[in-house]
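Below is one structure; the comments refer to it alone.
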Amino acid sequence: MASLVTYKYIKQNPDIMTYIRRADKALEAIGYTEHSFAHVEKVAQTASMILEGLGYPERQVELVKIAGIMHDIGNVINRVDHAQSGAVMAFRLLDNLSMPAEEICSIISAIGNHDESTAMPIDPISAALIIGDKTDVRRSRVRNNDLITFDIHDRVNYAVEKSAVRLNDNKTSIILELKINTNISSVMEYFEIFLQRMLLCKKASQFFGLKFEMIINDSTVM
């Protein structure tokens with residue numbers, strides 16, 4: 001059964017956009033970095049770049065974009081177990097749009113497996129979503145305008161002046177390249193809060209039979 005549900009359609013759905021907006025507001029209230037449209041769209045773009053670059057079918061590329069933009073809606077309920085609650089929410093929303101069960105399964109499995117505490121790359125869509133989500137570190141995610149009151153998460157994100165994810169030329173590695181201002185935060189601090197996420201990216205890359213590499217300030221560190 002073919003589906004008419006596309007990434008473009010999801011972005012134009014007012015209910016889903018409301019859930020994304022309100023989920024980010026909930027996280028803002030408890031002091032988290034930005035998880036709104038800039039984040040979810042970047043996750044969708046990175047995840048789809050990976051599947052497209054590896055030659056996956058066009059529809060799977062579309063599904064990972066949908067999973068990417070919807071992956072954080074569970075935060076509107078609570079940050080705790082937001083991956084699982086978001087997957088349940090996505091099921092109902094997509095089922096109401098008459099998306100085929102096979103496609104819904106792919107999306108909700110990816111959403112339900114993206115949080116560090118329970119994440120597992122169980123298929124290409126979930127693996128690509130994990131990498132897209134966990135590599136999104138950048139200055140513009142910091143909400144706090146007062147550098148004096150930065151916590152470690154603010155400091156590390158604010159120190160990242162450039163962030164890019166790409167496949168290498170022969171498609172044997174997924175590379176995260178960062179430029180970190182070490183006057184703001186050390187490389188050690190980055191790993192202090194993001195080590196688990198980077199190891200998860202390594203596991204997701206291995207699902208594709210690829211290496212996960214990190215280049216920080218022009219030096220390979222992983």
Side-chain angles (χ1 to χ4, degrees), residues 7-8 11 33-72 106-107 110-111 113-116 119-142 156-182 184-191 193-222:
Y7 178 67
K8 181 178 179 181
K11 287 185 66 175
T33 51
E34 178 268 323
H35 282 70
S36 190
F37 298 108
H39 170 62
V40 297
E41 289 177 3
K42 184 173 179 61
V43 171
Q45 290 163 5
T46 300
S48 63
M49 176 274 295
I50 292 168
L51 291 193
E52 188 171 21
L54 294 175
Y56 280 84
E58 184 178 344
R59 186 59 187 167
Q60 281 196 280
V61 174
E62 192 76 6
L63 292 180
V64 83
K65 289 172 71 176
I66 294 171
I69 200 165
M70 296 182 71
H71 80 279
D72 268 340
S106 295
I107 291 170
I111 293 174
N113 278 283
H114 85 269
D115 187 58
E116 293 97 292
M120 184 61 63
I122 61 173
D123 61 17
I125 291 174
S126 61
L129 179 65
I130 286 169
I131 297 166
D133 183 40
K134 304 313 170 193
T135 57
D136 184 21
V137 52
R138 53 190 159 82
R139 174 170 291 188
S140 55
R141 295 194 71 183
V142 179
V156 169
N157 277 280
Y158 195 80
V160 176
E161 298 178 341
K162 179 183 176 183
S163 173
V165 181
R166 58 183 171 86
L167 291 162
N168 65 347
D169 291 341
N170 57 1
K171 298 182 181 178
T172 58
S173 296
I174 295 172
I175 300 170
L176 170 62
E177 189 165 0
L178 301 173
K179 181 180 179 183
I180 295 178
N181 185 333
T182 54
I184 299 172
S185 177
S186 67
V187 173
M188 184 65 72
E189 276 195 322
Y190 176 91
F191 280 103
I193 63 171
F194 287 136
L195 178 59
Q196 188 178 1
R197 299 182 195 183
M198 296 303 96
L199 292 175
L200 191 54
C201 287
K202 180 180 179 181
K203 183 183 289 187
S205 299
Q206 288 172 340
F207 176 90
F208 296 113
L210 307 179
K211 294 180 181 179
F212 179 72
E213 299 181 21
M214 286 187 66
I215 300 172
I216 298 180
N217 296 348
D218 299 320
S219 296
T220 300
V221 298
M222 184 175 176

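Side chains are part of it too, since the values below use all heavy atoms of this structure and drop only hydrogens, waters and symmetry mates.
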Quick one: closest heavy-atom pair of [X] and [Y], and the distance?
X	Y	result
N157	T33	ND2-CG2, 4.1 Å
V156	S185	CG2-OG, 3.4 Å
V64	V61	CG1-O, 3.2 Å
L178	S163	CD2-OG, 3.5 Å

Pairs flagged by salt bridge (Lys or Arg N to Asp or Glu O under 4.0 Å) wherever [range] is involved - sequence neighbours left out:
range	value
residues 193-202	E116-R197
residues 163-178	R166-E177
residues 53-72	R59-E103

Worksheet item: Got a sec, which residues hit side chain to side chain contact (heavy atoms under 4.5 Å, CB included) with I122, two or more places apart in sequence or on another chain?
Response: S109, N113, M120, S126
Practice prompt. Using the test side chain to side chain contact (heavy atoms under 4.5 Å, CB included), find all partners of A119 that sit at least two apart in sequence or belong to another chain.
Written response: I130, L200
Worksheet item: By salt bridge (Lys or Arg N to Asp or Glu O under 4.0 Å), which residues pair with D136, not counting sequence neighbours?
Response: R138, R141
With the side chain counted from C-beta on, respond yes when [X] and [Y] share a heavy-atom pair under 4.5 Å apart, and no when they do not.
X	Y	result
C201	L176	no
P121	K203	yes
M198	Y190	yes

Could you give the side-chain donor-acceptor pairs of residues 40-56 under 3.5 Å, partners two or more places apart or in another chain?
unit_1: T46; atom_1: OG1; unit_2: K42; atom_2: O; d: 3.1
unit_1: S48; atom_1: OG; unit_2: A44; atom_2: O; d: 2.9
unit_1: S48; atom_1: OG; unit_2: Q45; atom_2: O; d: 3.0

Worksheet entry | Contacts of type ring pair (Phe, Tyr, Trp, His ring centres under 6.0 Å), residue H35, not counting sequence neighbours | H39
Fill in: Gap separating the CG atom of D133 from the NE2 atom of H71, nearest 0.5 angstrom
3.5 Å
Discussion item. Let me confirm one number: the NZ-CG distance from K162 to N181, rounded to the nearest 0.5 Å.
Written reply: 15.0 Å
May I have the list of side-chain donor-acceptor pairs in residues 206-217 shorter than 3.5 Å, sequence neighbours left out?
unit_1: E213; atom_1: OE2; unit_2: S173; atom_2: OG; d: 2.8
unit_1: N217; atom_1: OD1; unit_2: I180; atom_2: N; d: 2.7
unit_1: N217; atom_1: ND2; unit_2: I180; atom_2: O; d: 3.0

Item to complete: Evaluate the criterion side chain to side chain contact (heavy atoms under 4.5 Å, CB included) for residue pair L167 and I174; output intermediate values, then yes/no.
Response: CA-CA 5 Å; L167 291 162; I174 295 172; 3.7 Å; yes
Any residue meeting side chain to side chain donor-acceptor pair (under 3.5 Å) with [X], in chain and number order, not counting sequence neighbours:
X	answer
S36	none
S106	none
D218	none

Worksheet item: For M222 and L199, what are the C-alpha separation, side-chain angles and deciding distance, and is it a side chain to side chain contact (heavy atoms under 4.5 Å, CB included)?
Response: CA-CA 10 Å; M222 184 175 176; L199 292 175; 4.2 Å; yes
